[in-house]
Structure formats: structure tokens, C-alpha cells
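What you see below is based on every heavy atom in this structure, not just the backbone, and it leaves out hydrogens, waters and symmetry mates.
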Amino acid sequence: MLLKVKSLFQDELSKPSVDDILGALQRLRKRPDLERFSSQDIPSQSVNRYERTMTLVTHLIQRRKYPPSLFIYECVMDAMVDAQVSTFAVRKLLKEMERNAMPPTEYVLNSVLLFLTIHPDYALRSQVLDTLERQWHAISDDARAYVLVAMLREGQFELAYDGFVSDLEAGKTFEPWVYDIFIVVFGHEGFLDEMLDLAAKRRAITVQDDAGTFNLLYFTLDVCSSASHYPGTVWSWLAGMKDDKTVPSDGILENVLATAARHGDATLAAEVHSMISRRTRIHIHHYDAMVEAFAGNQNVEGVLRVMEIMHDNGLPISRKTALPLTELLCAHPKLIPEVEDVTREIAQKRDSGRIAGDIVDHVLEAKAKSTGADSALALYEEALALTGRKPSVATIQDMIVYSKEEEYRSRFIDDYRSRHTELSGSSKIWRKSHAVKLLQVFMEHGDLDLTFCHLNTWLENKTASEADLPAHSLRLLTHAASEAHDKTIVDTYDHYRRLGNQDALNIIKATVDTVKPQKPETF
């Protein structure tokens with residue numbers, strides 16, 4: 001196809017005069033988009049600017065015997081600003097001008113600098129800048145922009161940024177495309193603070209609703225939210241996304257929501273959450289992010305109301321969801337009375353007069369962990385009236401572990417023992433983090449049945465990587481079981497054998513042999 005176009009083009013060149021061809025070259029210099037020369041059969045998009053310029057120049061010199069001139073060299077160098085041209089070809093052109101005693105003009109030198117933004121060459125750039133200085137040519141703003149962009153291409157990011165900012169402070173002006181290149185490069189390289197600085201400067205010199213500006217805002221929002229860069233995310237959102245001027249993708253919205261949650265920006269999280277809800281179904285992780293955002297903002301009412309919405313929508317309120325609330329109350333115990341008041345207020349305002357039981361469970365856990373289970377006794381006893389059910393078995397485990405007074409701990413153990421059957425055959429409500437502590441508490445209270453039930457339930461679901469029951473606790477338990485002729489220890493032995501815990505097996509055997517040396521064949 002290219003050969004056909006060249007052939008047609010050469011045939012057309014025999015018709016116009018030299019002045020017409022020179023005029024065509026001049027037009028090619030002035031505008032990068034190509035015009036058709038004369039024939040309707042030659043679409044402009046079929047021949048690129050470099051190919052057309054070289055065809056015209058070759059025709060002038062070889063067929064029309066037109067002598068090389070500075071104008072011709074300027075046209076050639078201007079056309080060589082192309083990805084398919086090599087640095088070697090540019091050096092060769094400059095050498096040819098030198099042989100023909102034609103010093104490169106400022107136009108040629110600036111074209112070389114523009115070429116070097118595509119094919120960076122530090123030595124050639126230094127040579128061009130030295131030539132401009134020797135010829136007493138001032139470095140134009142465009143030429144300076146070419147130098148800075150070339151430095152970016154070479155990976156000299158800090159030098160390029162310092163030079164760009166210094167030039168701006170010195171009063172130089174640059175076209176928006178220069179800012180665009182810096183912003184995109186710095187975004188990809190992770191220099192987000194510098195990227196935002198230039199994005200703000202770029203936005204200040206352009207029309208606010210310019211399409212290019214919003215494209216860049218879309219880019220900065222994507223990059224900053226992906227990196228959880230809070231200042232950049234907020235700036236980009238407020239600058240272009242909040243009023244639906246630009247529509248972020250679902251992935252960007254997810255990242256913005258996560259960033260807002262991580263930094264406790266409940267306002268931003270709510271705006272993003274609202275936009276997501278208009279597009280798709282809200283999932284648990286969206287609510288989790290809202291809980292985290294409100295907790296980060298110390299807005300306990302917002303946290304509880306999000307949990308209530310989850311319950312109304314049939315979504316489970318897991319410990320993972322409630323973790324930000326627990327961490328908030330542990331860090332700021334003064335908020336606990338407010339949490340209790342809001343809990344009661346929500347229950348009163350609902351038609352049923354009750355609040356979700358899971359919410360009260362999580363509030364109890366958070367309060368017990370923060371200030372001790374003893375201080376949470378009033379809310380614990382009020383749970384049935386607030387929710388229509390008693391606190392969960394897992395919540396009672398929390399109360400036992402976090403009790404400071406023996407009197408209250410015994411009360412919670414009694415409640416736990418009365419609901420013991422709820423744990424049968426299930427490990428879902430067994431707090432693995434409390435396993436060892438609970439077993440030790442049950443042993444101290446002398447309840448072997450409860451201790452062995454929980455120990456064997458734990459061992460059935462235990463992995464080798466989890467912490468073991470301390471050796472002295474296992475030794476005391478085995479000793480007590482042997483003296484009480486409790487054969488449940490055999491099941492415990494089998495579980496440890498399945499786990500391959502030889503140390504535990506040796507402790508059990510040695511302790512049993514000490515208590516009953518006459519029957520070592522028990523195991």
C-alpha cells in the first residue's frame with residue numbers, strides 16, 4: 001500500500017512548480033495533521049508526515065536539482081521528530097549541514113531537542129544546548145520543556161522536577177501537555193506528592209471543565225486511591241468526581257471507599273457508598289468500610305447505625321465488622337457511655353423496641369475488653385430486654401476472660417454452664433484466642449466436665465500452628481482426671497496423637513503413670 005501511495009505521489013509531483021512544493025513543505029512544518037497534496041486518490045492518513053516530507057525533499061533535490069538550503073534542512077529535521085527515526089540519522093543530518101558549511105538554525109536545534117524527548121541522548125542534548133549558547137540564542141520556553149521531558153525519559157525524575165518547579169517560579173510558562181507528561185510519569189513512578197503539586201498547578205492554568213483536566217483528575221484519583229494516598233484521593237474527588245462530572249470506575253470507587261475508611265473520613269465514605277449503591281448491590285465489605293470510617297472518625301452512633309442497617313438487610317455482623325468499634329473503645333474508654341446510650345436509643349426508636357442481638361454482643365465484648373467485664377454487667381443483664389435474647393455463648397466467653405473480680409467471673413461461669421449444650425459438636429462459637437485462658441479458668445473452678453468438653457472440642461478443630469495448652473496446665477488436668485478416674489483423658493490423648501504432639505503425649509503418660517503406676521497399659 002505504501003509503495004502504491006509513493007508512486008501516485010511521485011506522479012503528482014511532476015505537475016506542480018517548485019514554489020508549490022516549497023509551499024507544501026511550509027504547510028507541513030506548520031501543522032502536524034496532513035493535507036492531501038492534490039490527488040483525491042491519496043488520503044492524508046495513509047502517508048505520515050515524515051514520509052511525505054522526505055518524498056518532497058528527495059524530489060526537489062534529485063529531480064528538480066534544487067540546492068539544499070537551511071529551509072530544506074529545517075523541514076527535514078522537523079519531520080524527523082518521529083518514533084521511527086533514530087538518533088544516528090539526526091547526527092548524520094547535523095554532520096551533513098556542517099560539511100555544507102550551514103550552521104544549524106535555532107529552528108533546527110529546537111527540533112533536535114523535541115526529537116530527544118522521544119529518543120533521549122544526553123550527549124547530543126548537551127551538544128545542542130552548547131550550540132544554542134554559542135550562537136547567542138535564548139532558550140525558549142518550548143525548548144526548555146523539551147529538555148525537561150527528555151530528562152524524564154532518561155529517568156532523572158528529581159532533576160526534572162526541580163528544574164520544572166524552578167522554571168515556573170522564575171516566571172516561565174509551559175503548555176498543558178508538559179504538565180500532563182510529568183503528572184502521568186510521576187503517578188506511575190509513585191511520586192504522588194509531586195504529582196499532586198503539578199496537577200494543582202496545571203488545573204490553575206486551564207479551564208476548569210476542560211476535558212484534559214478531568215482526564216488527569218480521573219488518573220490522579222485512580223493512582224492515589226490505589227496507593228491509599230489520602231490527601232490526593234480527597235483532592236481528586238472534590239476536584240472532579242463529587243458532582244458526577246467524571247464517572248469513576250467501580251474499581252476506583254472501591255479503592256476510594258477503602259482509603260476513606262482507613263483514614264476515618266466518614267463524609268467521603270458516605271458519598272462513595274451512595275454512588276456504589278446506585279450502581280450495584282451493596283456487599284458486606286462495603287458496610288465494613290463504613291464501620292471503619294465512622295470508627296476512625298470516633299462517631300459511635302454512625303458505627304451502630306451502619307450495623308443496624310446490615311442487620312435489617314439480612315447481613316451478618318461479624319467480629320471482623322465490629323473490630324473497629326472494639327479498637328475505638330479500647331483506645332478511647334470515655335466513649336463507652338455514649339455507645340450504651342446510643343444502643344438504647346436505637347432500640348427505643350424501632351417499632352419492635354429491640355436492637356439486633358449481634359450489636360449488643362459486640363458492644364459487650366468491646367466494653368469488657370476495654371474496661372473489664374465487671375463494668376459491663378448492667379448492659380449484660382439488660383441484653384434480653386434490648387434484643388429479645390440473652391447474650392451469645394461466645395459473648396459469655398468474653399465476659400469470663402475479661403472479668404477482674406472472682407465474684408463476677410463465677411456468675412458468668414454459672415451462666416455459661418447452664419448453656420453448655422449450645423457448644424456441643426460445634427467450634428464456630430469457640431473463641432480460639434480465648435481457648436487456653438478459658439481452660440485454665442475452668443480448671444481453677446474444678447469443673448472437669450466443662451474443662452474436658454472444651455479441651456476436646458478445641459483439639460478436634462485445632463491445627464498444629466496454634467498455641468498449645470501450657471505443659472503445667474496439661475499436667476494438672478491429667479493429674480486431676482486420673483485421680484477422679486475420668487476416662488475422658490483418653491479422648492484427649494487421641495487428639496494429641498492425631499496432631500502429632502509428642503510432648504503432650506509424654507506429659508499425659510508420665511502423669512497417669514505417676515498416679516496409677518500399676519496400670520501403664522491405659523494408653
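- Listed by chain and residue number, Tyr287 satisfy the ring pair (Phe, Tyr, Trp, His ring centres under 6.0 Å) test with His273 (two or more places apart in sequence, or in another chain).
- In terms of the ring pair (Phe, Tyr, Trp, His ring centres under 6.0 Å) criterion, residue partners of Phe157 (sequence neighbours excluded) are, by chain and number, Phe191.
- Residues that satisfy the ring pair (Phe, Tyr, Trp, His ring centres under 6.0 Å) test with Phe115, not counting sequence neighbours, are His119.
- For residues 325-334, the pairs satisfying side-chain hydrogen bond (donor to acceptor under 3.5 Å, both in side chains) are Gln298-His332, with sequence neighbours left out.
- Taking the side-chain contact (heavy atoms from CB on, under 4.5 Å) definition, one finds that Asp167 meets it with Arg144, Leu148, Lys172, Phe174, sequence neighbours left out.
- Applying the side-chain hydrogen bond (donor to acceptor under 3.5 Å, both in side chains) test to Gln84 and every residue at least two apart in sequence or in another chain returns Asp82.
- Residues satisfying the side-chain contact (heavy atoms from CB on, under 4.5 Å) criterion with Thr371, sequence neighbours excluded, are Pro333, Ile336, Lys367, Ser375.
- Applying the side-chain contact (heavy atoms from CB on, under 4.5 Å) criterion to Glu382, with sequence neighbours excluded, gives Arg344, Leu379, Leu386.
- Glu133 meets the side-chain hydrogen bond (donor to acceptor under 3.5 Å, both in side chains) test with no other residue; sequence neighbours excluded.
- Residue Glu158 qualifies as open at atom CD: its count of foreign heavy atoms under 6.0 Å is 12 or below.
- Residues satisfying the side-chain hydrogen bond (donor to acceptor under 3.5 Å, both in side chains) criterion with Arg262, sequence neighbours excluded, are Ser228.
- Applying the side-chain hydrogen bond (donor to acceptor under 3.5 Å, both in side chains) rule to pairs touching residues 175-190 yields Asp180-Arg202, sequence neighbours excluded.
- Judged as a side-chain hydrogen bond (donor to acceptor under 3.5 Å, both in side chains), and not counting sequence neighbours, Asp130 has no contacts.
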